[in-house]
Amino acid sequence: MWLQIGYPPFVIETHTSPSFPFLAALVFLKSSENPSHPIPRKQGYNQELCLEKRVFEDMSGGCSIVWFRRDLRVEDNPALAAGVRAGQVIAVYIWAPEEEGHYYPGRVSRWWLKQSLSLLDSSLRNLGTSLVTKRSTDSVSCLLEVIKSTGATQLFFSHLYDPLSLVRDHRMKEVLTDNGIAVRSFNADLLYEPWEVLDDEGLPFDTFTEFWDRCLTMPYDPESPQLPPKKIISGDLSKCPSDTIIFEDESEKGSNALLARAWSPGWKNGNKALSAFMNGPLLEYSKNRRKADSATTSFLSPHLHFGEVSVRKVFHLLRMKQVLWANEGNTAGVESVNVFLKSIGLREYSRYMSFNHPYSHERPLLRHLKFFPWIVDEGYFKAWRQGRTGYPLVDAGMRELWATGWLHDRIRVVVSSFFVKVLQLPWRWGMKYFWDTLLDADLESDALGWQYISGTLPDGREFDRIDNPQFEGYKFDPNGEYVRRWLPELSRLPNEWIHHPWDAPEYVLQAAGIELGSNYPLPIVKLDAAKARLQEALTQMWQHEAASRAILENGTEEGLGDSSEAAAPIAFPQNMEIEMDENTLRATPTTTTIRHYEDQMVPSMTSLLSRGDEEVSSSDAGIQAEDSRAEVPINQGVVDIEMVRTEPRIDVITTMGFPDGDHLQAESSSTSRTGSRERDGGVVPVWSPSTSSFTVDEDSSYLQMQHAQSHQLITWRRLPQTG
DNA sequence: AGAAAGTTTAG
DNA sequence: TAAACTTTC
């Protein structure tokens, strides 16, 4: 498809530091090779990169396009500043979600984007221009149109580091340059560009700690944040009307209505959140951040995702605060800043990883992990999504995620670790679900997080470690408040049993009104069964890895060999659309088909494609959608190993007691009880399901409402093929 | 002092 | 889980 061997080099120009006015980074992204086992050190396995100093005279006099993407702010926005310096400015936002492949933004994320754009527009209006919004399926040709209709002569934009953007931006740069347009791009998203942070041999780091140490000891500081422009001279917009962009459909509006009660998108509000955090929870951050149910985190992640808040500003403010506290001998404060900075560092690292390993959202970084026999079980997947695993902390988390689009960092770790290690579902599914549901969905961060949890990173979690949700429950939610909020059916269970109801004596359960297997599930998989299964899977993984290696060494291409994957640099999953089409034709039993395949598509996408543009409204249609979702595509073109594991004895709950999610009528969040939680003096509304009739309708919504605009989404099948 | 046992912490 | 760190004897 689009990333293949012979992938073209691309050029990124970047304004880095005053002493180095401009660096043009010429980056040859070779196809990614996964590091091989054992864990590689400093192999420089991905890219060559060379920096070339060039001097630009400031372009001025003309009219510039400033292309906004994930830098939706007017302060500390170098692209905007450059436009303002050069003369007239045309600010553009292009909504072209088809370009994102299957990472079409989820409902809550689109809600945020919509608010953010409208606030950006009003800020721009105050400064003298406005935001031109365009609906397109191809940003590059759309930019060309805007340029033609406005007579602009240059284009400024901020860098993105996900593989799709890297490719698109490179193409854009070529096309526009060929059309006589001057194109310049800037770092607005990171403290340091990925190619600035290298080890002594000039190679990228492959562990976070080393990376972050280097960032903190760079010989030059991240650039200081810039103030917003005082005034913008608008270019001629008369021939360049905005398109109306539809970010949410009718069915989504109700669910979105409550978001505004807890969140305020936009760069100004991002700044408010930043100072609220810095003047409040930051001081105790290192102590408090471990409580699942408290508002002690920064709540900055959605602002950061959309670039409403500049990380450089965050960084500089934090450092100033830290110096202040250090002078006062406030060691707790100093430590808190370090801990918080580390999470900023992880965000940096996610971009770094995405840049150096363009496939990191698709496949494990560690090579042998691609031989892990994931359990392809949509029943598990569904139970996880609906919060019906029988592990209260996991279930509470999943319910919160669905209801609010938000999850405390700790709980993200808990639910994802459970997903990968206990259920052994392919991590990409979980990642995709996070992408679809999180308010701060961020491809790079989520890829890093899931890879970390899955043990597919050189410095990830131990692979054979299974975290115990019961123990974690008592760690992060010692009084069970979090569980009780999100699992009303357990609210009368005493603390002693709240995180392991399956151990509770019958009379306790009765007193609490709980009938396990009926109104709350028994554990979907018992932990010792999961451990045994994990060990077995690991053994298989190593066998297959060894077999594959042996075959490669013998130079044979027969049998097990998936030489195309293992030996040759890897292309992005090839022929994804064909793969999907084939899949829709295949009918397989719903339950427990277990296959070895490392690169599954996400089930929701499957059903989406199989449903086509059809409106699904009747319950019948819902069932069909469910059926067609049964199979997960197998990429036969790439991987030949396809094996069926016989499932060890596992306690699987067959009747959950919950009505099937698909047949429930949606209890829209508007009927939910609204509570509130403290956040920095102010009260932030939080909605929780009403105790009386909580139903989980997440699944049908996930498939039907989430992607209700499927007719728009579908076009990713028609992505331009440049390979 | 030094081993053993307990505690904390990890994205 | 497991390794690092702290406390106890």
Side-chain angles (χ1 to χ4, degrees), chain A residues 39 191 197 205-216 284-292 296-298 300-301 304-305 311 331-332 335-354 356-357 360-361 364-366 369 391 393-394 397 407-422 424 427 430-431 434 438 440-478 525-535 537-538:
Chain A
I39 292 169
L191 301 177
V197 187
F205 295 103
D206 28 56
T207 57
F208 170 70
T209 318
E210 288 180 299
F211 165 81
W212 190 230
D213 284 351
R214 176 56 58 97
C215 286
L216 292 175
E284 306 264 86
Y285 184 76
S286 84
K287 220 171 60 189
N288 286 341
R289 85 206 136 97
R290 235 166 284 115
K291 295 281 168 283
T296 51
T297 57
S298 71
L300 281 176
S301 53
L304 287 170
H305 169 74
V311 260
T331 49
E335 176 57 15
S336 281
V337 172
N338 283 336
V339 173
F340 184 70
L341 273 177
K342 189 181 165 189
S343 60
I344 297 290
L346 283 162
R347 180 184 177 280
E348 296 273 310
Y349 190 59
S350 71
R351 271 72 179 152
Y352 188 78
M353 191 177 79
S354 173
N356 288 312
H357 308 277
S360 58
H361 64 298
L365 230 59
L366 296 181
L369 257 300
Y391 290 90
L393 189 64
V394 174
L407 218 42
H408 190 288
D409 174 63
R410 287 287 147 164
I411 305 301
R412 296 183 196 205
V413 170
V414 169
V415 300
S416 55
S417 162
F418 185 86
F419 184 94
V420 170
K421 300 294 178 64
V422 178
Q424 293 169 41
W427 60 271
M431 194 183 106
F434 270 25
L438 279 171
D440 58 8
D442 181 283
L443 196 52
E444 293 93 318
S445 292
D446 291 343
L448 179 66
W450 281 92
Q451 292 236 16
Y452 170 79
I453 294 300
S454 309
T456 62
L457 292 176
D459 55 347
R461 276 207 173 176
E462 302 77 12
F463 202 71
D464 47 0
R465 166 177 162 187
I466 291 189
D467 290 305
N468 188 325
Q470 175 186 339
F471 298 159
E472 301 198 299
Y474 287 108
K475 238 187 280 178
F476 307 137
D477 181 33
V525 179
K526 293 220 169 117
L527 279 194
D528 42 359
K531 274 176 199 166
R533 196 168 64 171
L534 186 60
Q535 285 309 323
L538 286 172

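So you know, we letter chains A, B, ... as the sequences are listed, proteins then strands, and number each from 1. The model shown is predicted, which means the values in this text are computed figures rather than measured ones.
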Sequence neighbours left out, what passes ring-ring contact (aromatic ring centres under 6.0 Å, His included) with Phe463(A)? Give chain and number order.
-> Phe372(A)

For Tyr285(A), which residues count as a ring-ring contact (aromatic ring centres under 6.0 Å, His included) partner, sequence neighbours excluded?
-> Phe277(A), Phe340(A)

For the pair made of CD in Gln535(A) and P in dT1(C), what is the distance, rounded to whole Å?
-> 11 Å

For residues 341-353 of chain A, which residue pairs qualify under salt bridge (charged side-chain N to carboxylate O under 4.0 Å, His left out), counting only residues two or more places apart or in two chains?
-> Asp189(A)-Arg347(A), Asp189(A)-Arg351(A), Arg351(A)-Asp442(A)

By side-chain contact (heavy atoms from CB on, under 4.5 Å) - contacts of Thr456(A) (at least two apart) = Pro364(A), Leu369(A), Trp427(A), Gln451(A), Ser454(A)

How does protein contact run along nucleotides 6-11 of chain B, one letter per nucleotide 5' to 3', with B for base contact, S for sugar-phosphate only, - for none, heavy atoms under 4.0 Å?
-> ---SBB

Contact class for Lys421(A) vs. all strands (heavy atom < 4.0 Å): base, sugar-phosphate, or nothing?
-> nothing

Residues in side-chain contact (heavy atoms from CB on, under 4.5 Å) with Ser417(A), at least two apart?
-> Lys421(A), Ile453(A), Arg461(A), Asp467(A)

